[in-house]
Protein chains: 2
Amino acid sequence: MSDSTDLKRAGLKATLPRLKILGILEEPRARHMTAEDVYKALLDMGEEVGLATVYRVLTQFENAGLVIRHNFEGGRSVFEMNQGGHHDHVVCVECGEVFEFYDPAIEERQRRVAETLGFQVDSHSLYMYGVCLGMKREGKCSKTAAMGTRGAAEPE
Amino acid sequence: MSDSTDLKRAGLKATLPRLKILGILEEPRARHMTAEDVYKALLDMGEEVGLATVYRVLTQFENAGLVIRHNFEGGRSVFEMNQGGHHDHVVCVECGEVFEFYDPAIEERQRRVAETLGFQVDSHSLYMYGVCLGMKREGKCSKTAAMGTRGAAEPE
DNA sequence: TTTTGCATGGGAATCGTTCTGGTTTACACT
DNA sequence: AGTGTAAACCAGAACGATTCCCATGCAAAA
């Protein structure tokens, strides 16, 4: 219902596919999903939605600022809800887990660099790829580890 | 000739396609190229090289550490020679120009964040997208502007 | 409730990239 | 220089992700 007004505010009709997709992306455990992931989630819910529609809707959501698209290594896009606070990403190349962090100092330095170049920044992205703690320790991913939430890592 | 030994050192046979591709990437004005760009450059030179070969060779070069692959927005990969010094990128979404910069403070903070998470970082990339000075001022790109070289922007 | 036009679904098309299979080539060893 | 062999090549087919096409469906304005 609130979703419905979210869509209207973005200039989009509140259609069933759009509401369903928004609902899926809003689930807390669904932080980072590919279009395929969203499509499968819809099928699991028994919804008859075409893959083309999923892509179309996700792109519309991106343009409307509702979701953020990331181009991780490997060439496929992943999407996450835009919940306001900007953050950067750490991706485990072994287990695929994605951690988020925000570092004000990094943001500030980026701003400075752009200023120096006379560059007007629309968006920026910082990705680190590597192996997460769980993989290093036990050879399995640390999806259950007590980190990976926004703002969890703020050194100093 | 020196290219030939570069290849051997990387454990790759010094074949004509590889030498030609290396030669193209080494031209100073060819900083950031897609596989397609490289392919077209070869055709322009009158070389009979298949696109598949270009992709294969670029991937081999990447694995050998000779070139670096970037996943910019838009889903296509761009390649640049690995000239040793790590640097980050600023991309003008209007004219496509790519500027490079290096900020030790950002690097250090990244290292810290990874450490805090117990994450072993293999690679990292930082991209800023926006509009460059030339576009803002005159509506045309600033490819000829006196910046855009590595290390040009180091605030503070 | 009727109208109107944007949204949908499914399949085909497209894009960038990788694989396949048969042929050619670089290079170590005569 | 001559030759064997593994590696590299080419063209084209295959591939996965994404977008296009268009007849039909449906949200929302009248």
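Quick caveat: nothing in here was measured; it's all calculated off a predicted structure. Here is how names work: the chains are called A, B, and so on, in the same order as the sequence lines, proteins then strands, and each is numbered from 1.
- The residue A/Thr34 sits apart from the nucleic acid: no heavy atom pair falls under 4.0 Å.
- Atom CZ of A/Arg18 is separated from atom P of D/dA28 by 9 Å (rounded to the nearest Å).
- Side-chain atoms of A/Tyr39 never come within 3.5 Å of backbone atoms of A/Val54 as a donor-acceptor pair (strictly under, hydrogens ignored).
- Separation of atoms CG (B/Asp103) and NE2 (B/His87) is listed at 14.0 Å; rounding is to 0.5 Å.
- The terminal axes of the helix from C/dT1-D/dA30 to C/dT30-D/dA1, fitted over 5 pairs per end, subtend an angle of 40° to the nearest 10°.
- Contacts with DNA chain D (heavy atom under 4.0 Å) in residues 46-57 of chain A: A/Leu51, A/Ala52, A/Tyr55, listed by number.
- Rounded to whole Å, atom C1' of D/dT19 lies 14 Å from atom CD of A/Glu62.
- Here the side chain of B/Arg76 is nearest to one of C/dC15, C/dT8, D/dA27, namely C/dC15.
- Under the 3.5 Å distance criterion, the side-chain polar atoms of A/Arg18 are matched with a main-chain donor or acceptor of A/Lys13.
- Taking the nucleotide of DNA chain C with the nearest heavy atom to each of B/Leu16 and A/Leu12, the more 5' of the two is matched to A/Leu12.
- Relative ring orientation between A/Tyr129 and A/Tyr127 is described as tilted, the plane-to-plane angle lying within the 30° to 60° band.
- Residues A/Met128 and A/Ile68 do not share a hydrophobic cluster, clusters being chains of Ile/Leu/Val/Met/Phe/Trp/Tyr side chains in contact below 4.5 Å.
- Of the inter-residue distances, the one linking A/Arg109 atom CZ with B/Phe101 atom CZ reads 10.5 Å to the nearest 0.5 angstrom.
- Looking at residues 65-74 of chain B, you'll see that no heavy atom sits under 4.0 Å from any atom of DNA chain D.
- Put simply, CG on B/Leu42 is 12 Å from P on D/dA11, counting in whole angstrom units.
- The interatomic distance linking A/Asn63 (CG) with C/dA7 (C1') rounds to 16 Å, in whole Å.
- Atom-to-atom, CD1 of A/Ile21 to C1' of C/dA7 comes out at 12 Å; the value is rounded to the nearest Å.
- Regarding B/Leu7, its CG atom lies at a distance of 14 Å from the C1' atom of C/dC27, rounded to whole Å.
- Within the 4.5 Å cutoff, no side-chain heavy atoms of B/Asn82 are placed close to those of B/Leu66.
- Looking at every heavy atom in both residues, A/Cys132 comes nearest to A/Cys92 through N-SG, 3.4 Å.
- Using the six-membered ring where Trp is involved, A/His32 and A/His70 have ring planes that are tilted, between 30° and 60° apart.
- Using a distance-only test at 3.5 Å, with no hydrogens or angles considered, a donor-acceptor pair links the side chain of A/Asp37 to the main chain of A/Thr34.
- By the criterion of side-chain heavy atoms lying less than 4.5 angstrom apart, applied directly or through intervening Ile, Leu, Val, Met, Phe, Trp or Tyr residues, A/Leu51 is grouped together with A/Leu43 in one hydrophobic cluster.
- A/Arg76 has no carboxylate O lying under 4.0 Å from a charged side-chain N of A/Glu36, or vice versa, which leaves the two without a salt bridge.
- Spacing between atom NZ of B/Lys13 and atom C1' of C/dA26 amounts to 5 Å, rounded to whole angstrom units.
- The residue among B/Thr15 and B/Val78 whose nearest nucleotide of DNA chain C lies closer to the 5′ end is B/Val78.
- Between B/Lys8 atom NZ and C/dC27 atom C1' the separation is 8 Å, expressed in whole Å.
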